[in-house]
Undergrad: 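Pasting a structure here, questions to come.
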Amino acid sequence: MVLRVWFAVAALAASLVACGDGALHPVVRDHQRGGSASCEGCAFPGEPIVVVPPAGPEIPLDVRDRFGPLGSEEPTGGPCLLEPQLGSLFPNNWLRPRFRWSAPLRPSYFELRLSVDVEPNDLVVYTSATSWTMDPEIWRALLAHAAGRSIAVSVRSLEVGATRPALGSTGKISIAPVPAPGSIVYWSITAETDATYLKGFQVGEESVATVVRPTPGRCVGCHASTPDGEYVAYSDADLPEAQGQFASLALRSRRDGVSEPTFLTSAGRALLARRNQHLPAFSPAHWRAGDRLVLSLLNLRFVWTDLEATSQAAGVGSGPLVLDGDPGGMPAWPAWSHDGSFLVYASGAGTIAGGILTGADIYRVPFDDKRGGAATPLAGASDPAWNEFYPALSPDDRLVAFSRVRLEDGDSYNNRHAEVFVVPAAGGEPVRLAANDPGPCEGATSPGVTNSWPKWSPEVTVTGGKAYYFLTFSSTRAGRVPQLYVAPVVRLGESDQLETFPALYLWNQPEIEGNHTPAWDAFQIPFQ
């Protein structure tokens with residue numbers, strides 16, 4: 001356990017800290033936890049936090065004096081903040097923030113400083129490490145006290161033996177006045193064994209649970225939550241089969257990853273077991289007793305399947321969805337609207353049953369009580385110069401997120417040139433997300449970092465004349481295996497004008513595992 005030392009206070013008068021209400025309160029000390037201190041109603045303590053390092057240079061007792069006041073340092077040459085990116089917007093139920101910065105060539109001490117207008121004190125951390133994760137109690141208090149506000153951040157460094165510190169990154173991060181609800185379940189592969197799993201976590205949790213573990217000799221693939229969050233539908237394939245293209249669908253309880261729903265009939269089970277079936281999609285409008293439908297891709301055609309069917313007969317237990325006017329003829333990646341009235345999907349050439357596309361565009365088609373209808377290209381996501389794929393509908397069916405690459409840059413699968421865009425579901429001008437861009441300290445640029453697989457959180461929250469959305473996606477920007485990030489998107493008023501923000505890294509995920517194809521929904525994940 002990392003020890004934290006608070007500077008001693010000489011007298012009781014010196015231990016009185018002004019809180020937001022202007023009153024004075026004695027500093028509360030907990031010696032068993034290394035001397036944490038706070039004032040009633042405040043998040044930031046009145047004294048600096050000094051992190052005693054397990055390795056590296058010891059922190060001198062006069063470290064605060066050596067750094068001096070902010071503004072007295074060299075204006076450049078300090079550490080560059082890697083995480084979080086400046087300009088980030090945190091949901092108010094997010095993981096406690098982890099701050100990471102670049103390491104200088106020579107041994108150094110670092111000062112991390114945070115300030116917000118409702119806090120009488122700055123939060124100041126001194127350490128010789130290159131990262132610090134905020135204490136849970138400070139983060140909880142800050143969420144309660146500073147939601148909807150901006151927080152100034154600065155990082156300075158002082159080389160051992162130097163007399164003057166150097167200023168590094170400075171800027172602001174913010175806490176949104178709303179949470180990012182739901183849980184994220186994602187496809188994970190371990191480098192050591194090539195084993196695949198579905199893993200997941202509730203937003204804000206620091207633990208990750210295994211949701212579905214495949215049976216020996218099989219792998220799990222693309223997946224979706226049922227609208228009530230009780231079950232996970234996923235592709236189930238034999239490992240030797242290329243791209244898992246002969247997979248069938250499985251439907252398992254989120255509670256144990258094994259149990260099937262009691263409403264699934266023998267006919268429904270047999271229809272799910274059809275080979276060459278992938279990409280399940282659900283709509284809340286068709287998820288109730290007597291009307292439990294799933295859309296999927298079966299032998300390169302969209303079909304609906306009645307999970308409560310008493311017969312496998314065509315038109316009774318299952319049937320095709322008509323896509324009139326779609327010249328691609330190879331559809332994939334259906335996203336079914338929450339009201340059940342339409343779906344958006346990608347269609348192009350070169351599709352195998354798993355949904356790998358070239359020359360694809362995004363289309364919209366009515367559901368029309370299982371019949372389908374006229375498929376029309378979605379303006380802003382059907383540019384012939386681009387390969388556009390992986391569409392996802394926002395929880396209010398107003399926005400579509402999708403990935404795209406230039407036509408000459410190849411197919412949709414794990415393409416390093418991919419970037420994420422958002423367009424109105426009725427069509428319009430596509431908006432490139434700020435979250436595509438790695439931070440200036442990462443040493444990487446986009447296109448080139450595999451920004452792909454976008455999925456929205458299950459709710460949109462409107463407050464203060466703004467609608468807050470969040471979406472997750474996969475990226476290789478940090479030079480590691482693919483990892484998951486979250487992008488906040490804010491719609492202004494009733495317009496289609498969007499404000500986007502840098503990506504938030506989910507530091508609770510294992511960094512050595514390849515994490516792809518997230519689904520963000522009402523998954524109710526049991527945490528062990």
Undergrad: So, do Leu272 and Leu307 sit near enough that their side-chain heavy atoms are less than 4.5 Å apart?
TA: yes

Undergrad: Do Ser452 and Ser474 pair up side chain to side chain, a donor and an acceptor below 3.5 Å, judged on atom types alone?
TA: no

Undergrad: Begin with the C-alpha distance, continue with both residues' side-chain angles, and end with the deciding distance and a verdict on side-chain contact (heavy atoms from CB on, under 4.5 Å) for Thr517 and His223.
TA: CA-CA 8 Å; Thr517 59; His223 57 283; 4.0 Å; yes

Undergrad: Please indicate whether Arg432 has more than 12 foreign heavy atoms, meaning atoms of other residues, nucleotides or ligands, lying under 6.0 Å from its CZ.
TA: yes

Undergrad: Please check if the number of heavy atoms outside Arg416 that lie under 6.0 Å from its CZ is greater than 12.
TA: no

Undergrad: On a heavy-atom basis, which atom in Pro284 and which in His338 lie closest, and how many Å separate them?
TA: CD-O, 3.5 Å

Undergrad: Show, in sequence, the C-alpha distance, side-chain angles and deciding distance for Glu230 and Arg255, and conclude whether the side-chain contact (heavy atoms from CB on, under 4.5 Å) test is met.
TA: CA-CA 8 Å; Glu230 284 292 329; Arg255 300 176 189 275; 3.1 Å; yes

Undergrad: Drop me the distance from Gln312's CD to Thr305's OG1, to the nearest 0.5 angstrom.
TA: 10.0 Å

Undergrad: What's the separation between atom SG in Cys222 and atom NE2 in His516, rounded to the nearest 0.5 Å?
TA: 10.5 Å

Undergrad: Mind checking the CG-OG1 spacing from Asp306 to Thr265? Nearest 0.5 Å is all I need.
TA: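 Going from the CG atom of Asp306 to the OG1 atom of Thr265 covers 7.0 Å.
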
Undergrad: Can you check whether Met134's main-chain N or O pairs, donor with acceptor, with Arg96's side chain at less than 3.5 Å?
TA: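 The answer is yes, because a donor-acceptor pair under 3.5 Å joins these two groups.
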
Undergrad: With rounding to the nearest 0.5 angstrom, report the CH2 to OH distance, Trp453 to Tyr390.
TA: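 The OH atom of Tyr390 is 3.0 Å from CH2 of Trp453, to the nearest 0.5 Å.
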
Undergrad: Ignoring hydrogens, what is the shortest heavy-atom contact between Gln509 and Val208? Give both atom names and the distance.
TA: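 Shortest heavy-atom separation between Gln509 and Val208 comes out as CA-CG2, 4.3 Å.
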
Undergrad: Ring pair (Phe, Tyr, Trp, His ring centres under 6.0 Å) with Trp336: which of Phe367, Phe342, Trp287?
TA: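 When Phe367, Phe342, Trp287 are each tested with Trp336, the ring pair (Phe, Tyr, Trp, His ring centres under 6.0 Å) holds only for Phe367.
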
Undergrad: Taking atom types as modelled, is there a side-chain donor on Ser347 or Asp326 under 3.5 Å from an acceptor on the other?
TA: yes

Undergrad: Considering non-hydrogen atoms only, spot the tightest contact between Pro391 and Trp333 and give its length.
TA: CG-O, 3.5 Å

Undergrad: Can we call the ring centroids of Trp304 and His286 under 6.0 Å apart?
TA: no

Undergrad: By the definition side-chain contact (heavy atoms from CB on, under 4.5 Å), identify the one residue from Trp520, Tyr186, Phe473 that meets it with Leu484.
TA: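 That would be Tyr186; it is the only one of Trp520, Tyr186, Phe473 passing the side-chain contact (heavy atoms from CB on, under 4.5 Å) with Leu484.
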
Undergrad: Within the 4.5 Å heavy-atom criterion, are Pro334 and Leu297 side-chain neighbours or not?
TA: no

Undergrad: Tell me, do Pro430 and Arg404 make a side-chain contact under 4.5 Å, heavy atoms counted?
TA: yes

Undergrad: Does atom CD of Gln497 have more than 12 heavy-atom neighbours from other groups under 6.0 Å away?
TA: no

Undergrad: Is the distance between the ring centroids of Tyr485 and Tyr505 under 6.0 Å?
TA: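 That pair passes the under 6.0 Å test.
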
Undergrad: Hey, are Ser296 and Arg274 close enough side-chain-wise for a donor-acceptor pair under 3.5 Å?
TA: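 Short answer, no.
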
Undergrad: When the aromatic ring centroids of Trp456 and Tyr469 are compared, is their separation below 6.0 Å?
TA: yes

Undergrad: Nearest 0.5 Å, please: how far is OG1 in Thr133 from CG in Leu95?
TA: 10.0 Å

Undergrad: Are the side chain of Thr500 and the backbone N or O of Leu433 linked by a donor-acceptor pair below 3.5 Å?
TA: no

Undergrad: Taking it one step at a time, do Asp409 and Asn387 satisfy side-chain contact (heavy atoms from CB on, under 4.5 Å)?
TA: CA-CA 8 Å; Asp409 286 333; Asn387 183 18; over 6 Å; no

Undergrad: Could you tell me whether the side chain of Ser337 and the main chain of Gly340 form a donor-acceptor pair under 3.5 Å?
TA: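 Yes; at least one donor-acceptor contact below 3.5 Å.
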
Undergrad: Roughly how far apart are Leu142 CG and Phe90 CZ, rounded to 0.5 Å?
TA: 10.0 Å

Undergrad: Between Asp135 (side chain) and Glu137 (backbone), is there a donor-acceptor pair under 3.5 Å?
TA: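 Absent.
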
Undergrad: Verify whether one side chain among Ser253 and Ser259 offers a donor that lies under 3.5 Å from an acceptor in the other.
TA: no

Undergrad: Using atom types as modelled and distance alone, determine if a side-chain donor or acceptor of Ser248 lies under 3.5 Å from a backbone N or O of Arg275.
TA: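 No.
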
Undergrad: So do the side chains of Pro327 and Tyr363 get within less than 4.5 Å of each other, counting heavy atoms only?
TA: yes

Undergrad: Counting C-beta onward and ignoring hydrogens, is there a side-chain heavy-atom pair between Asn93 and Gln202 closer than 4.5 Å?
TA: no

Undergrad: Using only atom types and a distance under 3.5 Å, with no angle test, would you say the side chain of Asn92 pairs donor to acceptor with the backbone of Leu143?
TA: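 Not confirmed, Asn92 side chain does not pair with Leu143 backbone.
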
Undergrad: Do Phe501 and Gln85 come close enough that some side-chain heavy atom pair is under 4.5 Å?
TA: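 A side-chain contact is absent here, since even the closest heavy-atom pair is not under 4.5 Å.
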
Undergrad: Closest approach of Ser225 and Asp521, non-hydrogen atoms and distance?
TA: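 What the structure gives for the nearest pair is CB-CB, 3.5 Å.
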
Undergrad: So which atom in Ala392 and which in Ala335 form the shortest heavy-atom distance, rounded to 0.1 Å?
TA: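 Of all heavy-atom pairs spanning Ala392 and Ala335, the closest is CA-CB, 4.2 Å.
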
Undergrad: Answer with yes or no whether the side chains of Asn515 and Ser188 bring together a donor and an acceptor at under 3.5 Å.
TA: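 Ser188 vs Asn515: donor-acceptor pair found between side chains.
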
Undergrad: Measure from the side-chain N and O atoms of Ser446 to the backbone N and O of Asp437, and report whether any donor-acceptor pair falls under 3.5 Å.
TA: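 Absent.
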
Undergrad: Between Ile362 and Ser382, is a side-chain contact (heavy atoms from CB on, under 4.5 Å) present by the stated rule, with each step listed?
TA: CA-CA 6 Å; Ile362 308 299; Ser382 54; 5.8 Å; no

Undergrad: Within the side chain of Glu308, is there an N or O that forms a donor-acceptor pair under 3.5 Å with the backbone of Gly290?
TA: yes

Undergrad: Can you find a pair of side-chain heavy atoms, one from Arg491 and one from Lys466, that are under 4.5 Å apart?
TA: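 No. Closest side-chain heavy atoms not under 4.5 Å.
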
Undergrad: Within the side chain of Asn415, is there an N or O that forms a donor-acceptor pair under 3.5 Å with the backbone of Ser412?
TA: no

Undergrad: For Pro181 and Pro458, which heavy atoms make the closest approach, and how far apart are they?
TA: O-CD, 3.4 Å

Undergrad: Looking at side-chain heavy atoms only, is the closest gap between Val294 and Leu251 below 4.5 Å?
TA: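 No, every pair of side-chain atoms sits at 4.5 Å or beyond.
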
Undergrad: Check whether any side-chain N or O of Glu513 sits under 3.5 Å from a backbone N or O of Pro482 as a donor-acceptor pair, and report yes or no.
TA: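 Such a contact is absent between Glu513 side chain and Pro482 backbone.
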
Undergrad: Ion pair present between Asp496 and Arg398, side-chain N to carboxylate O less than 4.0 angstrom?
TA: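 Here Asp496 pairs with Arg398 in a salt bridge, since their nearest N and O are under 4.0 Å apart.
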
Undergrad: Check this for me, if you would: do Arg98 and Glu511 make a salt bridge, where the nitrogen-to-carboxylate-oxygen distance has to be below 4.0 angstrom?
TA: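 Looking at Glu511 together with Arg98, the answer is yes, because their closest N to O distance falls below 4.0 Å.
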
Undergrad: Side chains of Asn451 and Ser475: donor-acceptor distance under 3.5 Å anywhere?
TA: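 On atom types as modelled, these side chains qualify, holding a pair under 3.5 Å.
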
